[in-house]
2 protein chains.
Amino acid sequence: MARSNVGPTITEVAKAAGVSRATVSRVLNGRTTVDPAIGARVRAQAERLQYRPNLTARYLSTGRTMTVSLVIPDLGNPMFQSVLRSLTRAAESAGYGVLVAEAQSAEKEARIAQDARRQCDAVVLVAPRTVDAELDALITQVAPVVVLNRRLKDPHVASVGIDYGAGVTQLVDHLTALGHRDLLYVAGPERSAAHQERLATLNSIAASRPELSVRTIPGGASMAAGHDVAEEVLASGATGVLAFNDLVAFGLLARLHGLSVDVPGDLSVTGFDGIELSRFAVPALTTVGQEVLDTGAVAWSLLEPQLAATGKAGPVEHALLTPRLIVGDSTGPAPAARASAHAPAADAAPDPAAR
Amino acid sequence: MARSNVGPTITEVAKAAGVSRATVSRVLNGRTTVDPAIGARVRAQAERLQYRPNLTARYLSTGRTMTVSLVIPDLGNPMFQSVLRSLTRAAESAGYGVLVAEAQSAEKEARIAQDARRQCDAVVLVAPRTVDAELDALITQVAPVVVLNRRLKDPHVASVGIDYGAGVTQLVDHLTALGHRDLLYVAGPERSAAHQERLATLNSIAASRPELSVRTIPGGASMAAGHDVAEEVLASGATGVLAFNDLVAFGLLARLHGLSVDVPGDLSVTGFDGIELSRFAVPALTTVGQEVLDTGAVAWSLLEPQLAATGKAGPVEHALLTPRLIVGDSTGPAPAARASAHAPAADAAPDPAAR
DNA sequence: ACAGGCGGAGAAACCGGTTCCCCGTATCAT
DNA sequence: ATGATACGGGGAACCGGTTTCTCCGCCTGT
């Protein structure tokens with residue numbers, strides 16, 4: 001019913017070629033040697049009628065939709081966009097399409113993922129906010145699934161994690177090597193697993209290095225968030241700022257520029273994720289991320305065997321990507337340290353060229 | 001066949017509730033008053049079994065997939081990402097999903113769109129590169145369709161255009177009001193319709209205002225492109241630069257900063273599109289765009305009636321969004337004009353070789 | 001020459017829903 | 001009480017493919 005104006009069905013092709021539907025199906029799927037003459041006739045008619053199989057019907061009978069869903073918290077974040085892009089490309093080359101779903105709130109994540117799974121063969125879940133217990137339940141429901149940017153206890157589900165701890169450690173080491181002792185973390189969303197992991201690492205670093213001061217202020221995950229905390233960051237007196245992610249760092253840099261703060265002269269700022277944008281920030285952002293290894297592509301490589309597998313299927317894999325430090329121009333010697341050893345004189349003077 | 005581990009079918013629910021499949025279907029779709037007792041029984045069993053209808057099957061029988069495709073040239077461009085986001089949100093609230101397809105080359109656009117249409121009810125086409133003749137043919141094949149960011153001759157197809165000409169005019173007016181007489185356009189991709197329209201407008205402006213010098217250099221559509229043309233831009237001696245889009249402007253600003261060029265002191269730079277990022281550029285970018293009106297949402301509003309329409313359907317609408325000038329800090333008085341009143345002499349002086 | 005084997009193609013079942021058609025029953029009016 | 005009507009729900013067809021099963025005809029081997 002309500003068939004749109006889309007083309008002919010396999011039945012019409014069969015009629016036109018004077019064969020059965022089964023034969024048309026066989027021919028067009030390159031099945032067991034059909035009589036070449038018939039094959040040619042079918043193909044000719046299919047071509048003449050511009051026949052295109054109805055994918056929905058095919059999916060119903062084969063049970064595979066050739067589609068996977070990507071469930072993302074925020075379509076506005078380049079980090080997730082890059083996942084979408086690389087996943088789309090990887091999936092496309094295997095003949096799969098990608099359906100995007102945005103779970104704008106943590107509560108919706110589960111519901112959205114379930115809905116998505118109903119029309120797809122698998123789900124790629126970027127679910128940093130759902131709590132562990134719920135997540136486990138969800139995962140079993142929507143499998144096959146790959147979980148991104150989050151480390152799971154459950155070894156049965158594929159995941160692509162990023163070693164946030166290693167990333168944070170690299171950033172802190174970088175900053176402390178530059179003489180920074182007073183660090184400030186502009187936090188991400190409270191429920192974000194990425195945030196929690198970064199915070200935990202920072203706390204453990206702080207605990208093991210008493211000479212460091214590591215404070216935290218609430219932030220967010222957007223440029224606007226970074227922009228809005230600039231004054232508070234300045235007021236804190238910290239010399240090294242670790243923004244939750246590149247976007248936050250970005251907004252922060254913009255506002256600091258407006259406030260004529262010299263970065264990195266007065267203040268060093270780091271991001272997280274290594275989005276393409278970070279290279280073009282002014283000043284270029286020091287951050288951590290993986291340029292080559294692409295999360296979306298890795299996710300696909302973990303998902304594909306699960307899709308192909310006829311039976312219960314083989315081993316589920318995990319990937320843990322370790323981000324690399326990308327040194328930009330947004331970090332430099334701590335103001336207090338400039339006078340001494342390495343760095344030359346000239347401290348936070350009324351720097352004229354604050355841009 | 002090959003039914004994944006997904007839940008029970010309508011038949012099982014029917015059996016469990018002791019009714020026919022038809023009744024289960026009616027109950028769950030809220031059809032004509034079914035006996036409340038039976039309705040409750042069915043619902044109870046559906047709940048107990050955690051029944052979720054198989055969407056593929058439903059689609060086959062209803063002929064509607066509740067999915068639309070978005071065909072985009074480049075998933076990496078925030079401009080398109082914002083379309084994706086707003087379209088996704090608008091579609092979601094109507095119960096539709098969005099399938100993304102990236103047509104990485106102009107040649108692929110048609111093929112991708114056709115493929116996409118086979119599993120969707122409609123296509124949103126952001127096809128700035130396909131030539132008019134092909135586009136017309138394509139459009140009739142994949143209808144219902146909405147074409148974005150491109151003005152069409154064919155009045156039968158819905159489109160959301162952006163008045164690029166008006167945007168360019170505003171930018172040029174803004175720059176000339178600041179005293180700029182020597183303008184440089186960093187071109188977009190050769191085949192891009194957006195580029196062509198902007199270029200045509202610039203040419204017509206140049207023709208009608210002989211006092212202006214409007215030159216063009218090849219560029220691109222990415223931050224990297226903007227970054228790479230910085231030296232050439234400087235060498236041109238122009239004082240006002242119109243970048244093809246915000247990303248190009250962005251890359252350009254970054255490189256200019258690296259070259260210690262004062263923007264807007266030495267050089268004014270404008271973008272195009274008004275992506276969120278532009279507000280956070282350093283310096284904040286002067287650009288044109290539509291903040292509130294969202295292309296994707298508008299596209300949906302044009303598409304929805306076509307989807308709902310049972311018959312051939314009503315009038316196809318067109319939207320033409322007029323971008324607004326967003327003045328940032330990347331534009332300022334022309335250097336030559338700074339000394340005097342408004343905009344004195346100083347024409348194309350011993351221009352150090354326009355490249 | 002006849003039986004067995006094999007390959008090719010049609011018939012039909014199936015995927016899991018929706019919906020038309022029709023029948024049986026309950027309700028209402030006469 | 002009986003006929004007309006409304007309505008609820010079951011049976012079955014249908015959407016458009018894929019795939020199994022079966023049958024037919026021809027080839028081959030003895």
Side-chain angles (χ1 to χ4, degrees), chain A residues 1-43 45-46 49-67 117-121 310, chain B residues 1-43 45-46 49-67 117-121 310:
Chain A
M1 187 134 303
R3 290 272 295 141
S4 345
N5 55 342
V6 290
T9 71
I10 198 173
T11 305
E12 301 174 48
V13 176
K15 208 174 302 174
V19 298
S20 72
R21 299 188 303 156
T23 299
V24 175
S25 175
R26 277 189 283 255
V27 169
L28 299 180
N29 289 304
R31 286 275 179 262
T32 57
T33 50
V34 183
D35 181 341
I38 292 185
R41 208 164 70 217
V42 168
R43 252 180 289 271
Q45 290 303 320
L49 296 172
Q50 293 234 49
Y51 170 73
R52 299 270 178 271
N54 178 320
L55 297 185
T56 306
R58 170 178 295 172
Y59 301 158
L60 180 58
S61 100
T62 59
R64 326 191 63 203
T65 67
M66 304 298 282
T67 300
R117 178 61 176 84
R118 286 165 54 205
Q119 49 195 316
C120 292
D121 294 338
T310 324
Chain B
M1 188 133 302
R3 290 272 295 141
S4 343
N5 56 342
V6 290
T9 71
I10 197 172
T11 305
E12 300 174 50
V13 176
K15 208 174 301 174
V19 297
S20 73
R21 300 189 301 154
T23 299
V24 175
S25 174
R26 277 188 284 255
V27 169
L28 299 180
N29 289 304
R31 286 274 178 263
T32 57
T33 51
V34 183
D35 181 344
I38 293 186
R41 207 165 69 217
V42 169
R43 254 180 286 272
Q45 289 304 320
L49 296 171
Q50 293 234 48
Y51 169 73
R52 298 270 178 271
N54 178 319
L55 296 185
T56 305
R58 169 178 294 172
Y59 301 159
L60 180 59
S61 94
T62 59
R64 326 192 62 203
T65 65
M66 303 299 282
T67 301
R117 179 61 177 84
R118 285 167 53 206
Q119 48 194 318
C120 292
D121 293 338
T310 326

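Protein chains get the first letters and strands the later ones, always in sequence-line order, with residue 1 at the start of each.
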Rounded to whole angstroms, how far apart are [atom1] on [X] and [atom2] on [N]?
X	N	atom1	atom2	result
B:Lys15	D:dG10	NZ	C1'	16 Å
B:Arg52	C:dG16	CZ	C1'	16 Å
A:Leu28	D:dG17	CG	P	10 Å
A:Arg26	D:dT20	CZ	P	11 Å
B:Met66	C:dT18	CE	C1'	15 Å
A:Gln119	C:dC15	CD	P	21 Å
A:Arg41	C:dA9	CZ	C1'	11 Å
A:Asn54	D:dG16	CG	C1'	6 Å

May I ask you to evaluate whether [X] reaches the phosphate of [N], defined as a side-chain N or O under 4.0 Å from OP1 or OP2?
X	N	value
B:Asn29	C:dT18	yes
B:Tyr51	C:dG17	yes
A:Thr62	D:dT18	no
B:Ser25	C:dT18	yes

Rounded distance [0.5 Å steps], OG1 in A:Thr62 versus CG in A:Leu55: 9.5 Å
Spacing of B:Ile10 atom CD1 and B:Thr23 atom OG1 [to the nearest 0.5 Å]: 9.5 Å
Verdict with reasoning, A:Arg26 to A:Ile38, per side chain to side chain contact (heavy atoms under 4.5 Å, CB included): CA-CA 11 Å; A:Arg26 277 189 283 255; A:Ile38 292 185; over 6 Å; no
From the options [options], select the nucleotide whose nearest atom is closest to the side chain of [X].
X	options	value
B:Ile10	D:dG9, C:dT18, C:dA9	C:dT18
B:Arg58	C:dG17, D:dG10, D:dT19	C:dG17
A:Leu60	C:dC15, D:dG10, D:dT18	C:dC15

Residue met sooner reading DNA chain C from 5', once A:Ser20 and A:Ala57 are mapped to nucleotides: A:Ser20
Which residue lies more 5' along DNA chain C, comparing A:Arg21 with A:Pro36 via nearest heavy atoms: A:Pro36
Test item: B:Val27 and B:Arg43 side chains (from C-beta on) under 4.5 Å apart, heavy atoms: yes
B:Val24 side chain near B:Val19 side chain, heavy-atom distance below 4.5 Å: yes
Sugar-phosphate only, base, or nothing, as touched by B:Leu55 at under 4.0 Å among non-hydrogen atoms: nothing
